[in-house]
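Reviewing the structure listed below.
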Amino acid sequence: MTGEPKTPDKFTVINELARRRCFYWQSYEIYGGVSGFVTYGFLGTKLKQNIEKKLRELFVNKLGVLEIESPVIAPSKVFEASGHVGHFKEPMIECLKCKRRFRADHLLREFAEIKESEAEKLSLKEVKEVIENRGIHCPECGGTFGEPKYFLTMFKTTLGPYSEAVGYGRPEAAQGIFVEFKHLYEMTREKLPFGVIQIGHALRNEISPRQGLIRLREFTIMDLEFFFDPEEPNCFILKDFENETLRLVLAENKLHGSEEIVEVAVKEALEKGYIKAEWQSIFMALAKKLLIDLGVPAEKQRFIEKLPWERAHYAVQSFDQEVYVERWGWVEVSGHAYRTDYDLKRHMQFSGTDMRVFKRHEKPVETEQIVVKPLMAKLGPVFKAEAAKVAKMLSEADPKEVEVSIRKNGYYMLGKHKVLQEHVEIIRQKIKERGKRFIPHVVEPSFGSDRLVYIALEFAYHVKDGRAILSFPREIAPVQVGVYPLVTKDGLPEKASQIYETLINEGFIVECDETGSVGRRYARADEIGIPLGITVDYQTLKDNTVTIRDRDSWKQVRSRIERLPELLHKYFRWKVDFEDLGQSFER
RNA sequence: GCGGCCGUCGUCUAGUCUGGUUUAGGACACAGGCCUUCCAAGCCUGUGAUCCCGGGUUCGAAUCCCGGCGGCCGCACCA
């Protein structure tokens, strides 16, 4: 590609490396490739699995969150209820002269002073009428507009071969959790708070996905829905996180055109009202931890609050976690939305299934209720045919108002009907409430798995003495150990393959390489980020020791072969220092 | 989806303007062998491109023309 710059940027270099060393590449290349789809090779797949494992450690295992797997395709009802059909379908309008496309609702807001919430309700025909009546022209070139059309960013399909039933590919995994809420809640023995996570593919028919792993049409999403009682929003593990600092860009500052980063402890962010839900602050702190574990230093991370019109339709507050990358600057890696009871409420309306949970009061609450009981024996003769209607109106009226009026005036006017004291009996009733029903609130951290893979690669990548090295944190490295005979003769290769076998049986991800010189093999290993290299040399034949080489410092230590499994477990699981793996070795 | 630039072995590229001199050349990488007592050394051999796809012009097209696909950048979009 001659159009490429002489010194390619990190994104380009990483994509080349990813392709060459089997991390990932664009799919369907033999047919010319299709943008927005990617295939992971064996190193990429492993790296992605390790990253997801890391997320599970932090968000799933320790918090007792439950993981489920639901279908990618859903009947249209699901996404009508969730509001996606309405919100993913943007009316677009094209200028006939300069061919630029605009969002029709944005134009209406700007030039016809129609509020966004109202503009959304307009049909295409109405949009067209407003554009014509107001004489709105292209703001760029003054040309006239063509027919407004919907652009749907969900993948649409039909369910069954001859069916008219519409289905959609899910644009997020969250709905798969919400629709199963009742069942999941019962299975967890009806306790709040509780969280459910789902890691799986999602589909969005992006207009122009052109940023490698950053924007895909089919991607892996990790949606965690955490349900809690809005009356008891306190997080019981807040203490563990309250001093963790977060770097926030607040909406109020954004309004004044500032992207100033406010660095505050979780505790302070809650006290000052920067973050509305306690649980959300915990997930943000965990998200920061996850990224640090993936190799992104805190100063390259921030959480940017979304302005009301930038937010998703379901959220009352949301922050995007962003990471600073070389090519594009700040890039979103996770979203943290306070979805309130929006989704469950909508599914309750659309499906008719009661999504409320029952909360038992500690003590039954006794309340006194005034009941106005119509005495039909008296009402009948007076109101005749109207009697039933009057009784019904009476039951809908405010009993307190009725009582006050009758006591004061001796009657109560129900429209044109005059109800006298003798027509009713006013009873004070004690009612025992054992609990109440409500819809839980939800905070949602949502990660893009593929973006994390790219971020991990970009932050691991550096060049030492002209060689590319991927310095992955040891827990996410796709290959853990390389085993090398120093030279390929005198029985060294045989010894190396024995060690290889042993380590494989111990459950390590190991690679054995005997081609070319040992220096070349080290270089290749560094390039795919293998943290440790074990070299069999002539000393090995004498005393059964090998050298262990550190990817990042290129230092070597010497240890006995029998101790390797134990030492490597310590290194990968308990994170002991490299220097503690053996005696320092100098050639 | 619009505009600009671009598309040749896995990668980087020579050749394209000025159609034939090239079985499309090189370097790196890769595979096999030799060598090699620790950081991409060297030598030999080999694999690998119907020049993005389709159509047209021509005796003849990687080269010229048209359409499509893909990439990068900008605009727009990104719940």
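Chain letters run A, B, ... following the sequence lines, proteins first, then strands; residues in each count from 1.
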Next on the checklist: So, OP1 or OP2 of B/G71: does either fall under 4.0 Å of a side-chain N or O from A/Gln26?
Outcome noted: yes
Item to check | N/O (side chain, A/Arg520) to phosphate O (OP1/OP2, B/A41) under 4.0 Å | outcome: yes
Checklist entry - Do the side chain of A/Arg217 and the main chain of A/Ser35 share a donor and acceptor less than 3.5 angstrom apart? => result yes
Next on the checklist: Less than 6.0 angstrom separating the ring centers of A/Phe23 and A/Phe42, yes or no?
Outcome noted: no
Next on the checklist: Pick the closest RNA chain B nucleotide for A/Thr488 and for A/Asp526 by heavy atoms, then say which residue is nearer the 5' end.
Outcome noted: A/Thr488
Next on the checklist: Counting only side-chain nitrogens and oxygens, does A/Arg21 get under 4.0 Å of the OP1 or OP2 atom of B/U11?
Outcome noted: no
Checklist entry - For B/A41, does either OP1 or OP2 sit under 4.0 Å from a side-chain N or O belonging to A/Ser517? => result yes
Checklist entry - Can a side chain N or O of A/Ser35 be found less than 4.0 Å away from OP1 or OP2 on B/G71? => result yes
Item to check | Whole-Å C1' distance, B/G46 and B/C9 | outcome: 14 Å
Item to check | Dot-bracket encoding of pairs in RNA chain B, which uses [ ] for pseudoknotted crossings and | for another strand, Watson-Crick or G-U under 3.5 angstrom | outcome: (((((((..((((......[....)))).(((((.......))))).....(((((..]....))))))))))))....
Item to check | Integer angstrom distance from the C1' of B/G48 to that of B/U11 | outcome: 12 Å
Checklist entry - Which residues, if any, of residues 543-553 of chain A bring a heavy atom under 4.0 Å of RNA chain B? => result A/Thr547, A/Arg549
Checklist entry - So, is A/Arg210 close to the B/G70 phosphate, meaning a side-chain N or O under 4.0 Å from OP1 or OP2? => result no
Checklist entry - Which class fits the ring pair A/Phe447 and A/His336: parallel under 30°, tilted 30 to 60°, perpendicular over 60°? => result perpendicular
Next on the checklist: In whole Å, measure the gap between the C1' atoms of B/C17 and B/U63 for me.
Outcome noted: 9 Å
Item to check | Interatomic distance where CG belongs to A/Leu486 and P belongs to B/A41 [whole Å] | outcome: 14 Å
Checklist entry - Is the shortest side-chain N/O distance from A/Arg467 to OP1 or OP2 of B/A40 below 4.0 Å? => result yes
Next on the checklist: Taking any heavy-atom pair under 4.0 Å as a contact, classify A/Ala312: base, sugar-phosphate, or nothing.
Outcome noted: sugar-phosphate
Next on the checklist: Strictly below 4.0 Å: does A/Arg19 bring a side-chain N or O up to OP1 or OP2 of B/G71?
Outcome noted: no
Checklist entry - Whole Å only: how far is the CD1 atom of A/Ile214 from the C1' atom of B/C77? => result 17 Å
Checklist entry - Between A/Trp554 and A/Arg467, is there a cation-pi geometry (under 6.0 Å to ring centre, at most 45° from the normal)? => result yes
Item to check | Stacking of A/Tyr538 on B/U37 base (centres under 5.5 Å, planes under 30°) | outcome: yes
Next on the checklist: Which nucleotide wins on minimum distance to the side chain of A/Glu206, given the candidates B/C73, B/G32, B/C78?
Outcome noted: B/C78
Next on the checklist: Around atom NZ of A/Lys77, are there more than 12 heavy atoms from other residues, nucleotides or ligands closer than 6.0 Å?
Outcome noted: no
Next on the checklist: From CZ of A/Phe11 over to C1' of B/G71, roughly how many Å is that when rounded to an integer?
Outcome noted: 10 Å
